[in-house]
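Throughout, a chain's letter reflects where its sequence line sits, starting with A, and its residues are numbered from 1.
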Amino acid sequence: MDFEPRIVAFLCSWCSYTGADLAGTSRLQYPSSVRVIRMMCSGAVDPVYVLKPLLEGADGVLIGGCHPGDCHYQSGNYKARRRVAAVKAILEEVGLDPDRVWLRWISASEGRLFAETVREMVDALKAKGPSPLKGEWAT
Amino acid sequence: MGIWMGANLSDGGDSNLPAGFPTGAVLVVGGGVAGMQAALDLANGGFRVYLIDRAPAIGGTAARLDKIFPTNDCAMCMLSPRLAECSRHRDVEIITGAELIDLAGEPGCFTARVRQRARYVDLDRCTACGDCVPACPVRRPDAFNGELSERRAIYKLYPQGTPNAFAVERTDTLPCHSACPAGVRGSALAALSRERRLDDARRLLEQDNPFPGVCVHVCDRPCEAACPRGAIDRPVALADLVGFVAEQATSPTTPLRAGVRVAVVGAGPAGLTAAADLARLGSAVTVLEAAPAAGGALRPLYAERGAASDRLDREIAAISRLGVEIRVDCPVQAPEALLGQGYAAVVVATGPGASDGAGSGNEPRTVGRGICWVEPAPTVAAAIGAGHRAAETIRRFLAEERGALGSGDAERSFLRFRFAPSDRAEGGEGARLVPATPALAPTPATSASTLGTPPVPSAESRPDGGPRPDPALLGSAEASRCLSCGGCAECGACLEVCQPGAVDLAMADRELTLEVGAVVLAMGIEPFDARLKGEYGFGRYPNVLTSLQFERMLSASGPSGGKLFRPSNGAAPRRIAFLQCVGSRDVACGRGYCSEICCMFVAEEAVIAREHDPAVQPTVFYLDLRATGKGFERHVVAAERDHRVRYVRSMVSTVREVPGSRDLRVRYVSEDGRPAEEEFDLVVLAVGLGTPDSAQELCHRIGVEVDPYGFTRPSAGSPVTTSRPGVFAAGCAAGPKDIPAAMVEGSAAAAEAARLLGAARGTLTRRKEYPPERDVADEPPRIGVFVCRCGINIGGVVDVPAVAAFARQLPDVAHAEENLYTCSQDTLRRIREQIEELGLNRVVVAACTPRTHEPLYRETAREAGLNPFLAEMVNIREQDSWVHRSEPVAATLKAQELVAMAVARARLLQPIARQRFDVVAEALVVGGGLAGMTAALALANQGFAVCLVEREAALGGHLRRLRYELDGCDPPAMLASLAACVLGHQKIRTFTRATIQQLGGRVGRFSALVRLGGESPGDLVVTHGALIVAVGARAVQPSGYLYGEDPRVVTQTELEVELAAIEHGAVAEGRAGAPDGGPERVVMIQCVGSRTPERPYCGKVCCRQAVKNALKLKALRPDAEVYVLHRDVRTTGVLEEHFRRAREAGVHFLRYEPGRPPEVRRKGAGLEVVAAVDGRAEALPLAADRVVLSVGVAAGDHADLAARLKLPLTEDGFFLEAHPKLRPIDFAADGVFLCGLAHSPQTIPDVIAQATGAAARAATLLSQGAVESSGIVAVVDDRRCTGCGLCVAVCAYEARRLDEERRVAVVEEVLCQGCGACAVACPSGATRQLTLERRQVLAMLEV
């Protein structure tokens, strides 16, 4: 079955969001099923923000932050890394696929990487198929 | 004694200074990117700025661009926030249509005389509604669109034009109008007829000439003699046109309300004309005629024309219908007596034979109180003119007597245009009034009354012998021949439709006197006139365009809305040729310099053209590909490799049109020397940059020297100074350059002006007042959604109306609309109005990226009395329309969902009160090379304290290795003087052998841990308000080419040291210029370590260094054989002259292919370089006794430092600025600035300009005293806080601590950076990150 996976992306304002903008100014094309929420820092992504969309039927959640060492807030991306690891453990625990959550480092100059990341994630999620929770709770 | 005297003199001098010296205001001439940048930096730095521009709107050439290289960003998107900031800035006064006439005084206190041309539209009244545009019948070629389209005489320069108001294009004289003794507005008749507005034309003609029926037959057509069209082919047949219009049905006239009673004695042409004018002005006119019939001298003339007397009666009847009472058989003996009979004024127009004693002369005279005697006129037309003048004389008299003649409205609407030009020309005396025509030349004596029968044109021929135009075509084809040479034809149609009454054709030019302390010249560029290169056919072949025309064609707001077309037939072009260097690098046409930007914009235009239409096949004909700036090399490489732009290295000899198809045959010599020919659908000429004549004249007027090309061309040591102290130059006024360089110079000029005027900072500024903030806490959300089309940028992909309609039905949305450009001034005003009128309390703008535009909409909300944090943006351009171009349906759906998410969040937005934080008035400059020292001095000389930190033991950086320069600059002397100034400056603390270990704090109060090495090691904490990064770069370490193996293989810098030593020795021994055994056969190899896969960028300085050293070699030893093996000679700008000089001196420049680099080998005792050059297959062996490698510039090893400073690097390892065009020397992080080689490879003048510019940027912050918090901070709800301390542990800024007494966590707002980590860490939900609260994010996820 071919479907367009729904992805929610949390991007840090300084690196990944700027990179996503650069993908735009470079007119790099990528799948349209990603919805970006601009955060000040990847370290501000609450685990709830990741779990809620997954439980409600989103096919994947992408978190984009500055490369290690580049965090505008010194160490927010490390915090994000720890939290994502915790979220994945929870997902595993409750029987959901932890690989539906991606954490990627995308800098302000990596518009191409952002576009590629979305493409890759869409392909990977297509291979997995729709979220098992999609039919149950999502509209 | 001497000391004392000096002190006394100095004291005396000070006390003689005028009060308020220096003046804390600056005049900026030119509102392009450089001028705007200078204006904003100065205004933000505490100075009052007058920004003047010749055009009716600021923006300069950048406003005409579609996209900007190398990022292919939308030019308007880059520009509009600047335009808006300039127009909203309380300390920037924009004066359009203005020119600097004279500049008197001294640096620090100049008096500038500025002449502002009348705009004819009142800026305060114009709402830019555009109703006037369809009313205007005049069509003019639209110069803004490269004359690819037409506009009206009343126009807005471009949609986002600032100030946001229309203007009337109008010259001082309309030739036909001025020539007509009766004052008939010929061009207006032509314009109205062409638009098939014959009713309007007829009404206009009636006003100007009540007797057209006979007048055209007895007139000798001075209008046609004056028509400039006659110089091209033949004049417009205006008199025939008058006859044609006169034949049209008369529109019904309603008599105006009778006002003051006026008597006219004599019902001849003059009397009846005066009567008609006065009636139109609203007075009750009575004409008294002694004869039994009205008409006077007209009656026999009509009779001569045969059977036309009923025509005369009809024309007289039309005058009666205006409310004029005509009494015949009514002789008047004593006109003066009429004044006693209830008439307020009397016109006496009794024609020849009447004796009045008024003396001779052509002009009407007012004798006594209220009597105007009309002189007999030689022709009917002159008599009608005299009648108009008499009416005007009476109007003036009565206006003085009692304020108005009749109905005030009637008078205004009639007079505002009818008499406007004469109002402008005359000196105040009623007697000199001429109706709508400047000084009348005496009419040639060919009239009926003096010479009997007038020359009656025959039916077939015109007076000039030409054929009569076909009467059927008069109203259309013939009228269309009018060039509308004077612009506005004074028909007055715009006056009638302008609801706010903004159009005012009586507006006069004015002169302003401005007291300023300094002047910044930024007059910008004028593209080369491609007609001067006749061999390319521009101006003759419609399908040959200039690059600026093509840019307009690509633009969404251009003549075709972004669609490519061939002007000859409108078809889509496929094969497009771009010709480089048209009017650049061409001594024959007076352009000996390289225009610097053409290689780049051609690559951009070719790529964008393919983006518009993938079928386009662009071919670029070029000489050298010059991509020297940051990111440029990647841009041109991508154009060729990824976008299939074909590059042909050749000079095109001719372009010829193919008859029939109108295709263009391009003839050139291919690189292997064979003549070639190719056909194209469209040819685009990359026209070079020059200075406008007006700019050169201005420089001449105010005593600023210019070079032969008209550039102010400053010295290398101070790139923004001019020959006149206190006057600075920025942008292309100083030489050709790209947008970021122009902006950097704008900042640098601001720094230089501020250095001069530092003492007056803040003395003339004004404060911005915002309306009191509306308390919306208890109101239910009322959200306004504004969806931007961004021309076709969004609207071309996303169904914007559908998004607006979707938004309208979302909860709490009170209003949703679409805008063409939401960021334009009129839309911003509209948003403010909607907030006020509809009581909106949240604003959502769906447009481009919030990174650039969110501040604009927050400010807009604030101006409408809302807390700025109640405005929210949705990115539907960078992250939607631009990245899903082929999926309009999905992109629209995405836009709708993103808007829904933003609305969901906007419902929960709360006002945020911002705190103010102090700013430490000291800067930290990292790096003590040319950039760092220059920046430090620029700041210190403005009065700010500076801490300069250099890693090495000595100041100077790369400058220490340079020995001489091309443009008279002496690097060792420059280094010595800079270092001495820095080390001796009271305001500068210099630390060498020092490094930055750690950086903390915030904008306005950073804190750096500096580790001192050397003799007294230790750590030092430097607290500072701003940080300038000037850490430089390094030279590429070459490998191969026998470098390091053979001492005769050296780098350019090593050769420079050697040559300087030889020269020094020769000078010392008194034999300068004599051969002395230095290298005789030299081969230079360019691009060693540049433009390679591992370093895909240009070293920029290496071509310059090669030319410099080659010239030095030739100077030292004229018989030296010098070969330069290059890939492209990149001597940009005026450096091109040195390249030419080198060729003239016999230096050989040979090109090699990157795939076949030259080989260096030992041959016998010498060296040999083998290279395949200039497209030849066989390799050329060159004997050499010195091989010189032009090594590029590599980024320094700054990864560690960048990490410590928390600053980003580019892929190439240079520091990454906030935006390559918009903010070229700012970092994204507030309060941190960038300059010098740490930014990118660049030349000495560029580095100085950047460093000075960075100082100006820092000064705007340091001069503030305080900054406001971003508002995005964490707050704690004490009731929920359990005092667990997790937030304290996660905070990286020590902005968190536990209040031990209350057992709650608190936030130091000054230190809080708003990252949000604590909010996630808080287990009790007591911490919220403002603007990104959990419930807000969760609401977005609900959508």
Side-chain angles (χ1 to χ4, degrees), chain A residues 4 6 8-15 17-18 20-50 52-53 56 58 61 66-76 79-80 83 107-111 114-115 118, chain B residues 71-74 77 611 638 848-852 873 875 877-887 889-891 893-894 897-898 901 905 1000 1199 1202-1203 1206-1211 1216 1228-1229 1272 1290 1292-1293 1313-1321 1329 1331-1332 1334 1337-1338 1340-1343:
Chain A
E4 273 305 314
R6 267 185 75 85
V8 177
F10 296 93
L11 304 182
C12 89
S13 177
W14 305 93
C15 293
Y17 192 91
T18 311
D21 276 351
L22 181 62
T25 46
S26 314
R27 311 296 194 280
L28 302 170
Q29 305 297 298
Y30 56 81
S32 63
S33 54
V34 58
R35 301 287 176 268
V36 171
I37 295 179
R38 179 184 176 216
M39 305 297 287
M40 292 311 289
C41 179
S42 56
V45 178
D46 198 306
V48 175
Y49 301 169
V50 182
K52 182 179 161 79
E56 292 180 357
V61 174
C66 307
H67 283 267
D70 285 359
C71 176
H72 184 82
Y73 299 107
Q74 304 189 2
S75 55
K79 290 170 187 140
R83 287 190 187 122
S107 81
S109 58
E110 290 173 331
F114 177 76
V118 174
Chain B
T71 50
N72 289 356
D73 271 342
C74 163
C77 302
E611 209 172 77
C848 52
T849 174
R851 291 188 311 112
T852 56
M873 269 194 90
N875 187 342
R877 192 182 69 176
E878 278 86 344
Q879 297 187 8
D880 190 11
S881 66
W882 279 356
V883 290
H884 314 305
R885 294 153 70 88
S886 55
E887 303 174 84
V889 175
L893 182 71
K894 179 172 177 179
E897 283 192 32
L898 291 173
M901 289 161 74
R905 173 169 142 150
K1206 312 265 175 287
L1207 297 173
L1209 296 175
T1210 67
E1211 292 170 77
L1216 178 65
I1272 309 173
V1290 297
Y1293 299 96
Q1313 301 287 303
C1315 68
C1318 53
V1320 185
Q1329 185 195 7
T1331 76
L1332 276 169
R1334 180 176 290 138
V1337 177
L1338 293 180
M1340 294 173 88
L1341 294 172
E1342 292 283 344
V1343 171

Peer 1: Measure from the side-chain N and O atoms of His884(B) to the backbone N and O of Gln29(A), and report whether any donor-acceptor pair falls under 3.5 Å.
Peer 2: no
Peer 1: For Gln1329(B), is it the side chain, the backbone, both, or neither that has a heavy atom closer than 4.5 Å to a heavy atom of chain A?
Peer 2: side chain
Peer 1: Please name the pair of heavy atoms, one in Pro850(B) and one in Tyr17(A), separated by the smallest distance, quoted to 0.1 Å.
Peer 2: CD-OH, 3.3 Å
Peer 1: Report yes if some heavy atom in the side chain of Asp46(A) is under 4.5 Å from a heavy atom in the side chain of Val1337(B); otherwise report no.
Peer 2: no
Peer 1: Checking Leu1216(B) against chain A: side chain, backbone, both or neither under 4.5 Å from a heavy atom?
Peer 2: side chain
Peer 1: So what's closer than 4.5 Å to chain A heavy atoms on Glu887(B): side chain, backbone, both or neither?
Peer 2: side chain
Peer 1: Quick one: which of Ser42(A), Ala20(A), Pro53(A), Ser13(A) has the most heavy-atom pairs under 4.5 Å with chain B, could you say?
Peer 2: Ala20(A)
Peer 1: Judged by atom type as modelled, is there a donor-acceptor pair below 3.5 Å linking the side chain of Glu611(B) to the main-chain atoms of Arg27(A)?
Peer 2: no
Peer 1: Going from CG on Asn875(B) to CZ on Arg38(A), what distance comes out if it is rounded to the nearest 0.5 angstrom?
Peer 2: 9.0 Å
Peer 1: Considering only heavy atoms from C-beta outward, does the side chain of Met901(B) approach that of Ile37(A) to under 4.5 Å?
Peer 2: yes
Peer 1: Run the side chain to side chain contact (heavy atoms under 4.5 Å, CB included) check on Leu28(A) and Val883(B) step by step: do they pass?
Peer 2: CA-CA 6 Å; Leu28(A) 302 170; Val883(B) 290; 5.6 Å; no
Peer 1: Could you tell me the separation between the CD atom of Glu897(B) and the CZ atom of Arg35(A), rounded to the nearest 0.5 Å?
Peer 2: 4.0 Å
Peer 1: Given a strict heavy-atom distance threshold of 4.5 Å, which part of Ser32(A) is in contact with chain B: side chain, backbone, both, or neither?
Peer 2: both
Peer 1: Less than 4.5 Å apart, side chain to side chain, heavy atoms only: is that true for Trp14(A) and Pro1208(B)?
Peer 2: no
Peer 1: Mind checking the NZ-CE spacing from Lys52(A) to Met1340(B)? Nearest 0.5 Å is all I need.
Peer 2: 13.0 Å
Peer 1: Working to the nearest 0.5 angstrom, can you tell me the gap between Tyr49(A) OH and Leu1338(B) CG?
Peer 2: 6.0 Å
Peer 1: If you take all heavy atoms of Trp882(B) and Gly24(A), which pair is closest and at what distance?
Peer 2: CE3-O, 3.4 Å
Peer 1: Please confirm whether the backbone N or O of Val36(A) pairs with a side-chain atom of Gln879(B), one donor and one acceptor, at under 3.5 Å?
Peer 2: no
Peer 1: So, using side-chain hydrogen bond (donor to acceptor under 3.5 Å, both in side chains) as the criterion, who are the partners of Thr849(B) when residues are at least two apart?
Peer 2: Asp21(A)
Peer 1: Identify which part of Ile1272(B) has an atom lying under 4.5 Å from any heavy atom of chain A, answering side chain, backbone, both or neither.
Peer 2: side chain
Peer 1: Rounded to the nearest 0.5 Å, what separates atom OG in Ser33(A) from atom NZ in Lys894(B)?
Peer 2: 8.0 Å
Peer 1: Write down the atom of Cys1315(B), the atom of Ala44(A), and the distance for their closest heavy-atom approach.
Peer 2: O-CB, 3.2 Å
